[in-house]
Amino acid sequence: MSGELVCSKPEEVRNAETENTVEIIIKLTSEDPANDHDHNVNQQPERETETVCNEIRPNHKLFRTDDDDDDDDDDDDDSGTHYLNGDERPCTHLQRAERPGNGKLPDTFQTDHLLYYERFKAYQDYMLGDCKTSEVEAFTAEYLEKIVEPCDWQAIWHTDVFDVLVEVVDVDCKELKAKVELVLPMECETRGCDLTEESMKALLEATLHKVPLLELSVVYDESGDFDQTALALEHLRFFYKHIWRKWDEEDEDDDFDYFVRCVEPRLRLYYDILEDRVPAGLVAEYHSTLALCSEKFREFSSLRSGLDSDSESEQDNVSMVEGLRMYEQLEALKRKLRIIENPLLRYVLGYKVNSGQQSCRAKGPRPAGGRVVHLVSASATVHQLQSLITDKLMPHYSSEEFEVQFHSDPVLAVNACFEGDVVIVCPGLYSITSSISIVDSIEVEGYGLPDEVVIEKRNKGDAFVESTGANVKLLNLKFIQCDAIEGILCVRQGKLEMENCVMQCETTGVIVRSAAQLSMNMCDLYGSKGAGVEIYPGSVCSLVGNGIHHCKEGILIKDFADELDAVPKITMVNNVIHNNQGYGVILVKPGDATVEDLPAEPNAADEKEEEPEDTEAKSEADIDDDDGGGSNDGDDDVPVIVVEEECPVIKHGHSGPPDFTEGNDAIKQELVATSAKKHGLQKSRMKALGAMQADENLLSQEMFISIHGNQFKHNGKGSFGTFLY
């Protein structure tokens, strides 16, 4: 998370203290130029620490309530504090965070490695409970009074310019401050300044020996007596840095549970980002929105504090108008943050494509003219280079308009492309961490067999390949996903042609969005934990000669029955769809309590009535004419809907092995039936609005179906089915 966000009261106090601290340091150091260089240490990576012990005394539980004295057996082992309920041996469970370098400062407790459920439990059950936003400060102070040792413990006072060892003599939980004394002889590490013992004492006197609790880290102690204090300060720091927002206390929804409304979603988002479960573009958008909202809130607060409610001057009126405008902007930013923080809404409403993609537009032709062939190769032998020139460059790209550029990374090569450029990827394994975003009409081709030209992606946060170009081609490439959370390829808009490619999926497979076009020929796709291919309403999808196997579902066709959705145009010819966990092809559709949605086997009469001789191309207008044309009830025109077909009747007297080619007719039948039902619903809705006669031009969306020659083998639930929602 970028930027520290704390509540308004602690932040104002800390800012004032920081300014005073810096001024005092400058004055003191300017008077005493003698430097104690022994306090400076070299910064080195922090080493891993080891657990000292697994148990501590039972009277030192991490979170202790008044009821614990009566019943110590009701502790929840899932609270993340069960390790504090051990035997009588006085020993800490927390690990030691060793200081980098060879400095004189002692080690502290390592507390910043806590898991999600540990922080969740601490905030929900002990620190905040069911408090309202206006009660957060009071609940926090009460929590600290119960947990933090009131005195006689040492800590490192950490600021931007120094770390110094102090001893706590008193704690003010309401002000979130501790009264400290300097440990003598002074142990200190500085950054960019030099401090003596006298200057540090003067600094403490200037601050009345009070320092913020957020700046204290408890010194490591093996006895376990200060485990509770160390963890309580960690929860306090984390809360004001990553959870609390300065505008929370002004929220109008003060009657609602603050933990449920704000803490839980923000905590979940923090760990989702930490575990790379949020696309990098959305993370960047969230951070930028959060920073902008913080800045806008500061401006709004400053403007509001300068207004005089009783004044009627023109300047105040102008300021009030400006304040209203800033308030509306602030509310819009806060709504956007809430959407992204909500795990159910962040992908639906939080961002349309991806923060990185929204600003990435097609470049168009190169301003200086000409086209470029981008060669991608980490290294190549002279023989390979000679073969490339002979086989590829000279026959196809020898004209004067082409020049050659060299790259070692396919992502950099694609990003450097303009419209009409060509990317040739030489044999090798290319590991990338960012997505391949294709926004211009280019061609990306592997020089060799797909298994020889492999692009592997290991970062969780982004999609692998996203295409928005008007006319994009991918040839002879193999894509491998590793530990991903996004799909392997998404055609968001424009047209993408794929040929002779291999896709080893980790999550979902190929997604064809509405208004996008995909032509996928002679490709192999496997390993998807969702559908191998997802076809959205209004898209154009042509699948010819592909292998789609070992996925959860083979091909998923999204619901297009809604009147606002355009009908997809689907071509499926000579594909082998096999060994998928569910169906070979599945159609998602709304479920109604009508008989049409119940499982039914097709019969000869139904097939004769619904399928004319030419089933390769059929429009909704033709369906309407075949079934009686002038009927006002669209439901009467719907053919029998097949929910699942394990071994249907084979037409024309031909027979074949079960689970081989029987799914072709079932898919056509279901798609045509759904299209007919959509057509009828549109007519009835339009007439219900008062139209004397439905406009056939609006209802005659052509649904092109070309489904034949596909083989369905060993799919877990059969060749075709529907999912009702």
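Here the structure is a predicted model, which is why all the values come from computation and not from measurement. Numbering starts at 1 and runs along the sequence shown.
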Q.
So if I apply the salt bridge (Lys or Arg N to Asp or Glu O under 4.0 Å) rule between Asp248 and each of Arg261, Lys334, Arg266, which one comes out positive?
A. Arg266
State whether the side chain of [X] and the backbone N or O of [Y] hold a donor-acceptor pair below 3.5 Å, judged by distance alone.
{"X": "Glu135", "Y": "Lys132", "value": "yes"}
{"X": "Thr229", "Y": "Glu149", "value": "yes"}
{"X": "Arg237", "Y": "Leu216", "value": "yes"}
{"X": "Glu118", "Y": "Leu115", "value": "yes"}
{"X": "Ser302", "Y": "Glu299", "value": "no"}
{"X": "Asn342", "Y": "Arg338", "value": "no"}

Check whether any side-chain heavy atom of [X] sits under 4.5 Å from a side-chain heavy atom of [Y], and report yes or no.
{"X": "Val211", "Y": "Val166", "value": "no"}
{"X": "Thr140", "Y": "Met127", "value": "yes"}
{"X": "Glu264", "Y": "Arg268", "value": "no"}
{"X": "Ile273", "Y": "Leu269", "value": "yes"}
{"X": "Leu330", "Y": "Cys293", "value": "yes"}
{"X": "Leu233", "Y": "Phe109", "value": "no"}
{"X": "Cys131", "Y": "Val136", "value": "yes"}
{"X": "Cys173", "Y": "Leu213", "value": "no"}

Q | Salt-bridge present (Glu285, Lys336; N to O < 4.0 Å) | A | yes
Q) Is Glu142 salt-bridged to Lys146, going by a charged N under 4.0 Å from an acidic O? A) yes
Q: Determine, stepwise, if the pair Phe162 / Leu203 fulfils side-chain contact (heavy atoms from CB on, under 4.5 Å).
A: CA-CA 12 Å; Phe162 65 81; Leu203 174 62; 3.8 Å; yes
Quick check for you: to the nearest 0.5 Å, what is the distance between [X] atom [atom1] and [Y] atom [atom2]?
{"X": "His235", "Y": "Leu144", "atom1": "NE2", "atom2": "CG", "value": "11.0 Å"}
{"X": "Tyr258", "Y": "Glu249", "atom1": "OH", "atom2": "CD", "value": "9.5 Å"}
{"X": "Asp160", "Y": "Cys193", "atom1": "CG", "atom2": "SG", "value": "10.5 Å"}
{"X": "Glu234", "Y": "His113", "atom1": "CD", "atom2": "NE2", "value": "9.5 Å"}
{"X": "Asp225", "Y": "Trp153", "atom1": "CG", "atom2": "CH2", "value": "13.5 Å"}
{"X": "Thr196", "Y": "Glu198", "atom1": "OG1", "atom2": "CD", "value": "4.5 Å"}

Least distance between heavy atoms, [X] atom then [Y] atom:
{"X": "Val260", "Y": "Pro265", "result": "O-CD, 3.6 Å"}
{"X": "Asp107", "Y": "Ala97", "result": "CB-O, 3.5 Å"}
{"X": "Ala178", "Y": "Val168", "result": "CB-CG1, 4.1 Å"}
{"X": "Arg191", "Y": "Thr159", "result": "NH2-O, 2.5 Å"}
{"X": "Gln481", "Y": "Phe464", "result": "CG-CD1, 3.6 Å"}
{"X": "Cys151", "Y": "Val169", "result": "CB-O, 3.3 Å"}

State whether a side-chain donor-acceptor pair under 3.5 Å links [X] with [Y].
{"X": "Ser431", "Y": "Glu456", "value": "yes"}
{"X": "Arg119", "Y": "Tyr270", "value": "no"}
{"X": "Glu341", "Y": "Tyr286", "value": "yes"}

Q) Can you check side-chain contact (heavy atoms from CB on, under 4.5 Å) on Phe297 and Arg245, steps first, answer last? A) CA-CA 10 Å; Phe297 181 78; Arg245 307 285 184 255; over 6 Å; no
Q: Carefully, step by step, assess Arg298 and Glu295 under the rule salt bridge (charged side-chain N to carboxylate O under 4.0 Å, His left out).
A: CA-CA 5 Å; Arg298 281 192 292 268; Glu295 179 64 25; 2.8 Å; yes
(Q) Tell me whether the rings of Tyr271 and Tyr116 are parallel (<30°), tilted (30 to 60°) or perpendicular (>60°). (A) perpendicular
